[in-house]
Amino acid sequence: MIHSLFLINASGDIFLEKHWKSVVSRSVCDYFFEAQERATEPENVPPVIPTPHHYLISVLRHHIYFVAVIQSEVPPLFVIEFLHRVVDTFQDYFGVCTEAAIKDNVVVVYELLEEMLDNGFPLATESNILKELIKPPTILRTMVNTITGSTNVGEQLPTGQLSVVPWRRTGVKYTNNEAYFDVVEEIDAIIDKSGSTITAEIQGVIDACVKLTGMPDLTLSFMNPRLLDDVSFHPCVRFKRWEAERILSFIPPDGNFRLLSYHVSSQNLVAIPVYVKHNITFREGSSQGRFDLTLGPKQTMGKAVESVLVSSQLPRGVLNANLNPSQGTYTFDPVTKLLTWDVGKINPQKLPSLKGTMSLQAGASKPDENPTINIQFKIQQMAISGLKVNRLDMYGEKYKPFKGIKYMTKAGKFQICPYNTPFTGFSLTVLTNQIHVFR
Amino acid sequence: MYKHELSSNLKTYNPKPQGCSSSSSAGRAAHLLIGGLVVQSLAAQSACLNEDLKEMLESNKESLKLEAMKRIVGLIAKGKSASELFPAVVKNVASKNIELKKLVYVYLVRYAEKQQDLALLSISTFQRALKDPNQFIRASALRVLSSIRVPIIVPIMMLAIKEAAADLSPYVRKTSAHAIQKLYSLDPDQKEQLIEVIEKLLKDKSTLVAGSVVMAFEEVCPDRIDLIHKNYRKLCNLLVDVEEWGQVVIISMLTRYARTQFTSPWTEVRGAEFDENKAFYDSDSEEKKDQTEAKPYIMDPDHRLLLRNTKPLLQSRNTAVVMAVAQLYWHLAPKHEVSIVTKSLVRLLRSHREVQYIVLQNIATMSIQRKGMFEPFIKSFYVRSTDATHIKTLKLEILTNLANEANISTILREFQTYVKSQDKAFAAATIQAIGRCATNISEVTDTCLNGLVLLLSNRDETVVAESIVVIKKLLQTQPTQHGDIIKHMAKLFDNVTVPMARASILWLMGEYCEKVPKIAPDVLRKMAKTFTAEEDIVKLQTVNLAAKLYLTNSKQTKLLTQYILNLGKYDQNYDIRDRTRFIRQLIVPNEKSGALSKYARRILLAPKPAPGLESAFKDRDRYQLGTLSHSLNLKATGYQELPDWPAVAPDQSVRNVEIVEPCPCVCTESGSESEEESSEDSEKTSSDSGKSSSGSEKSSSESESDQKKKKKTKKAPQKKSKPAGDRYTEIPAVCHNLKHCLFPQNDSKKPTFRTSGISLFYMSFQVTTSSFGPLKTYELLHHMTGKGLSAKYHFPRQPCLYQPSMVAVQVILTNSSDHALEEIHIGDQSPASLNIHCFNTIERLEPGASVTVSMGIDFSDSTQAANFQLCTKEDQFSVSIQPAVGELLMASTMTEQDFCKEQGKLQGMNEASATITMATANASRQAINKQVLSVANVGEVPSSQNNFSRFAGQTVSSRALVLVSLELSESSGALLTINTEKSVMASMLLQDLKQALAQA
């Protein structure tokens, strides 16, 4: 399966290598660098690259390429999923997954990689088990370790690997027993210029942070489980009960985990919480363009739209932009032509706007396209799909836990496209007219 | 060498020459002072560093050693060599410090290959550790031992693997499965022996082992499909509980297996619904046609079992698992069932970029054959400006595949925005996609063509060029009506600068010169002017155009042609010179050209077949979906072809399994012979097991009905249908237990999801799950006193899920009143200290309905009754559960030796014995087993003596051993002995057993 792993940073240095079978020379990465050169953007490097004797499967996260070397047939998703799991584990352990963090903790990284794979086949990937085997480094522990010479390798043996609930450590004890659930929904949408929705979907997750003593058995029920169209579960969730009763019943892992990710069926109308009025024009023959953009809330059920960030890739011909935001700050990068406007909170009484002019390259023809606008925002205390948790019950333990639930809505891939649909430039009527011109 | 040079250099600077090895800071500082020798000094420094490390490793201080090892691991991670430290490191292999030991292991595995002799020094440490009482130490020793790639130790590894494969701990067995692959790659000659181990491990019932051993199977002997037969049903049933990575491996193996063992489910549905796929599956449809007519297709129940048990995995969070199930359904399920995977695949598109890439590739292949599957989700494939280019192209591919008369207008509208994209490569790909839609859907050909013509006036050159190329292809398919488009392109010609586009226009002119008789010569005239400045490809097409015009319209173009041919003759490019020479010989008749020039017209102006605008994924279906080969469209090393369905299903009975283990009362007679037992014998056993496992029959009801159906409909030969009776007996053995633990309330029919079949280990004795003792049901609440609500309970004899110290109790609640009962739940309990795990409140029980719920009660190893109130919305009824002493036990398995050893420890006070008179009916060993097991939940200990029966168990709450032995004497008398530290229990159990054995 997985033969070796190379970690490559943005500037193309291999800064970590690990081999699970015999050593593969790092020159194999040259094929990767070739592909990287061919790709214009870092994201465009193909995830699977064949070389004469090996296959390279890579993922890009946090500006680091994780390149796995494969020698024979294996489902590529198997490797990709595993690599992502490695990144998640690093993030879990070090807080961030950067080159510096990995280099600082190279021993822990090596110990982790050693436990996660045996002979290239995943062995322990559950964070709960790994944490029993190898303690995550904390400042306190590092200090104690240097003074006393003790280790961060767990003295205990990973009993979790044998238990009926492999995802949960045994002997968990807390003085404050608490269980928090975050319902986070993301709206992916494409909206046309006139504000009508081309596609809109809601993706949601329930992230949990459970700190409960012993072996609690939880059930979580929803007011409106019918909303959930397609779901995927953490392995702890009992599928049968979901099938039969639409109740999430599970013995939770200890700590943070993603309980559920779901999709709200596209049949339901998706409420779009913001609207954008924009007018970006370039005049033929003039080296100026006008930029006018206004944001406003809509269908937010009275909740404030926060952390709004507008970004747009302006056409290549634009040299600079001289804009005036009514609130927040904007930046324009003349090299990448990326305009970002950090709006902050939308005040419904005084709608934020960004107006001004753009200067174009002298002599360049009028850009033939309008830029798409990407928007990010957050709305606290609301799940846009209307999903509501009904109750959380605990069985199996006697204490009374503190239970908390939080809702949040975010923009996922929220995109305003610059045209109206139907797009007139190409519509059928025009086409037939055109035919007449030919004749 | 550096060292030497350096020290000689040092001499000149330093009055006291210091060797590197001294590693004093003064010495090192001196090195750095030597400006011209930086390189040398750095190398020397690293040598010094290594010396440092060596010293640290040889010190007595644990912390120094650890520090040194950490630095060495840092070196390894950077890819720097640290092999010269091998002797110093290997000394620490037996260190007490776990972290140090682990780091030494890391080092050893990395460098052992290079330093084989030295590596052997460490072997004895591992051999010792392989015997350690702690399973984790055994496992990790085996792991490292097998990772050292030193051929000399192959026999040692082999031995270790064999031993570990028989280990009590499933974790060690799992490690041994991993070691099999390592040994195989080190020495493929061991294959035969390794296959034996694999065969043994395949029989393992632990979910921990299943994934790893199947992985080993795939690596070592993927063609030995016969090893799977007996384990097929077990693997299917365990699947949901196996860890996620194992699931992927098992699913892909089972896909291959199913393709060799079952007949195609596609035959019946074909024709009517899925005409479009006919071409693709035509090859196998031929041979099966007569079959289909002969009898309707009935899916093998085993085939159905696989499909049913993999379906819940579509909800997995692991994308690889979802993909694996999707490909399984694609390759194995009847056509109308495949679409259940769609939603899950579309869900994966929200995952990381790389996941999207692979999933989109697979969807692209699927969407060619089955448009309908993804059509409702077409919007999910709309391209976003933030997507990476390869994702965009794949989405485009899928959108094109999904296009049909109904949705083409939406898709085209979407395409129009893409054409405007700033990513020009993507815009070009969109234009090609429009071209493909145009050829595939005749209704929109004209629209597309005209749209493309419009794009010709686009300001971006790549867009224009691509449009021309696509238009060229489109026109070729239907040249007759499009004279005006060609004219329009001729007009554009002056403005187009992209060579490929110019060449395409020239080719079009030449090909259809008869349709534009006036314009073509004019274009040629223009070309003659600029010929020398053109790109090679344009020059070639100019020559081409000249030749064609010469043949059709020589009057006007003769001079032009000759001029161009002369220019071409002296071109710098030899290709053009060659072409010119060839064309001249071909078209200008002279004495040398001979026969060929007569055919010049037919050669140059032959009707040319239109180029097909086909999907790049057209031919990918030759690879199994989800594989690396499919992703690369290239056969990867080690790719296993997916076999075609067999025309006739191989013998189904090979998958039948005898019930071997968890059922002492049934299996005693078959246990010894079960391995080779033929179908005649098994009939007997099956009827037997049918009776005694009546409790478990429920769960298999669905499979049972499958069977019945099968029996009715299928006129299989006598021999085959015979063993059908016991086909499913194995399934309940596994899933029945789990079901009741986990899903107490729903009377689920399907095998369970997400528990673990891992046996629990206590005191290193295996606690087996349960035995099929005849179930005794006790009344909890009579329907007269319960105002219509009646309740019965029994002890299912499984480890309780809620808490290991609880006894599992199943309560069957029945509503015999005429109105629905609501909110049935458990109220107050007494004694207050009693620890009861209540069942969840039952919201509503309809009249006549009954429901089985499970509870856990911690009796604390006493027979004191558990009193509690059973409440409905209106009433409360006090009930009590009084456990028989035998129900407070859990069966455990142990060897005879262990039994005797433990018995030896429990003498004197802990022993209770009595001489009893046995009923004559209970003389046989089987009868004894049955009687004992009916009283107490104990496990039989295999006995070598005929007149001894031994049983072992543990108390549920405090895990105290309870050993029962029965020595038969000559007459009907027997000596019953019970050893346990719970003396009260001993005497009670003694009474119960005495009574049970005395009665017939």
Side-chain angles (χ1 to χ4, degrees), chain A residues 16-17 22 26 43-44 46-48 50 55 59 72-78 80-81 84 106-107 110 114 118-119 121-122 149 151 153 157 161-162 164 199 203 230-235 238-241 244 263 365 368-369 372 396 413 415 417 419 421-423 426 428 431 434-435 438-439, chain B residues 63 70 73-74 77 79 98-99 102 106 136 143 149 171 178 181-182 215 245 248 312 315 317-320 323 343 347 350 352 354-355 357-358 379 382 384-385 388-390 413 416-417 420 447 450-451 454 459 484 488 626-628 631-632 636-639 742-743 746 748 753-754 756 802:
Chain A
L16 187 115
E17 61 179 70
S22 47
R26 53 164 72 189
E43 290 84 30
N44 286 353
V48 186
Y55 306 93
V59 305
S72 62
E73 175 65 54
V74 60
L77 268 188
F78 185 97
I80 289 170
E81 176 80 28
H84 281 299
V106 73
V107 176
Y110 241 68
E114 190 71 27
D118 181 14
N119 197 34
F121 189 79
T151 69
V153 170
L157 294 156
Q161 264 168 323
L162 296 178
V164 258
T199 93
Q203 258 74 263
D230 180 43
V231 284
S232 79
F233 300 117
H234 188 275
R238 290 168 192 132
F239 184 67
K240 274 272 119 87
R241 291 221 33 202
H263 176 74
S365 57
D368 59 353
E369 52 188 317
T372 47
K413 294 170 186 158
Q415 183 176 319
C417 80
Y419 309 105
T421 45
F423 167 55
F426 203 92
L428 293 180
L431 284 176
Q434 202 69 33
I435 294 289
F438 293 149
R439 290 194 178 130
Chain B
S63 59
K70 282 185 176 172
V73 167
I98 293 188
E99 184 169 25
K102 278 195 174 172
V106 169
F136 291 99
R143 228 182 113 183
R149 290 168 292 274
Y171 186 66
H178 286 233
Q181 307 161 49
K182 299 182 206 168
M215 188 64 226
W245 310 106
V248 179
Q315 250 65 46
R317 62 166 172 173
N318 188 319
T319 55
M323 189 65 232
K343 222 182 242 179
R347 185 185 69 225
R350 278 170 244 146
H352 299 283
E354 297 83 6
V355 175
Y357 174 73
I358 303 291
K379 284 188 172 177
Y382 281 5
R384 290 164 193 282
S385 58
T389 306
H390 51 251
R413 207 154 55 216
Q416 288 153 34
T417 38
K420 302 255 164 188
T447 324
N450 295 323
L454 253 191
R459 209 169 302 125
D484 37 353
H488 182 65
T627 59
L628 185 62
S631 171
L632 293 170
T637 358
Y639 173 72
L742 270 191
F743 309 109
N746 43 29
S748 60
F753 187 60
R754 302 244 150 94
S756 181
Y802 312 114

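Lettering follows sequence order; numbering is per chain, from 1.
Between A/Pro76 and B/Ser631, the closest heavy-atom pair is CG-CB, 4.1 Å. Between A/Tyr55 and B/Thr637, the shortest heavy-atom contact is OH-N, 3.1 Å. For the pair B/Gly79 and A/Arg26, the tightest heavy-atom approach, listed with the atom from each and the gap, is CA-NH2, 3.6 Å. Shown here for A/Val107 and B/Val73, the closest heavy-atom pair between the two residues is CA-CG1, 4.5 Å. Shown here for A/Glu43 and B/Ala388, the closest heavy-atom pair between the two residues is O-CB, 3.6 Å.
Looking only at side-chain heavy atoms (C-beta outward), B/His390 and A/Pro47 come within less than 4.5 Å of each other. With contacts defined as side-chain heavy-atom distances shorter than 4.5 Å, the pair A/Pro75/B/Val248 qualifies. Annotation: side chain of A/Val231 is not in contact with side chain of B/Arg347 (no heavy-atom distance under 4.5 Å).
Looking at A/Tyr110, the atoms closer than 4.5 Å to chain B (heavy atoms on both sides) all sit in the side chain, from C-beta outward. For a residue to count as touching a neighbouring chain, one of its non-hydrogen atoms must lie under 4.5 Å from one of that chain's; by this rule A/Gln415 touches chain B with the side chain only. Both the backbone and the side chain of B/Tyr639 come within contact range of chain A, with heavy atoms under 4.5 Å apart.
Between A/His234 atom NE2 and B/Arg317 atom CZ the span is 4.0 Å, to the nearest 0.5 Å. Atom OG in A/Ser22 sits 5.0 Å away from atom CZ in B/Arg149 (nearest 0.5 Å). Atom-to-atom distance recorded for B/Leu628:CG and A/Glu73:CD is 5.0 Å, nearest 0.5 angstrom. Residue B/Thr319 holds its OG1 atom at 7.5 Å from CD1 of A/Ile80, rounded to the nearest 0.5 Å. Atom CD of A/Glu81 and atom CD of B/Glu354 lie 11.0 Å apart (nearest 0.5 Å). Within the model, atoms NZ of A/Lys413 and CZ of B/Arg350 stand 9.5 Å from one another, a figure rounded to the nearest 0.5 Å.
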Discussion item. For A/Asp230 and B/Lys343: C-alpha separation, side-chain torsions, deciding distance, then whether salt bridge (charged side-chain N to carboxylate O under 4.0 Å, His left out) applies.
Written reply: CA-CA 7 Å; A/Asp230 180 43; B/Lys343 222 182 242 179; 6.0 Å; no
Worksheet item: After noting the C-alpha distance and the side-chain angles of A/Phe121 and B/Trp245, does the key distance pass the ring-ring contact (aromatic ring centres under 6.0 Å, His included) rule?
Response: CA-CA 8 Å; A/Phe121 189 79; B/Trp245 310 106; 8.1 Å; no
Practice prompt. Output, in order, the C-alpha distance, side-chain angles, deciding distance and verdict of side-chain contact (heavy atoms from CB on, under 4.5 Å) for B/Ile358 and A/Val48.
Written response: CA-CA 9 Å; B/Ile358 303 291; A/Val48 186; 3.8 Å; yes
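Counting heavy-atom pairs under 4.5 Å between each of A/Asn119, A/Val106, A/Val74 and chain B puts A/Asn119 at the top.
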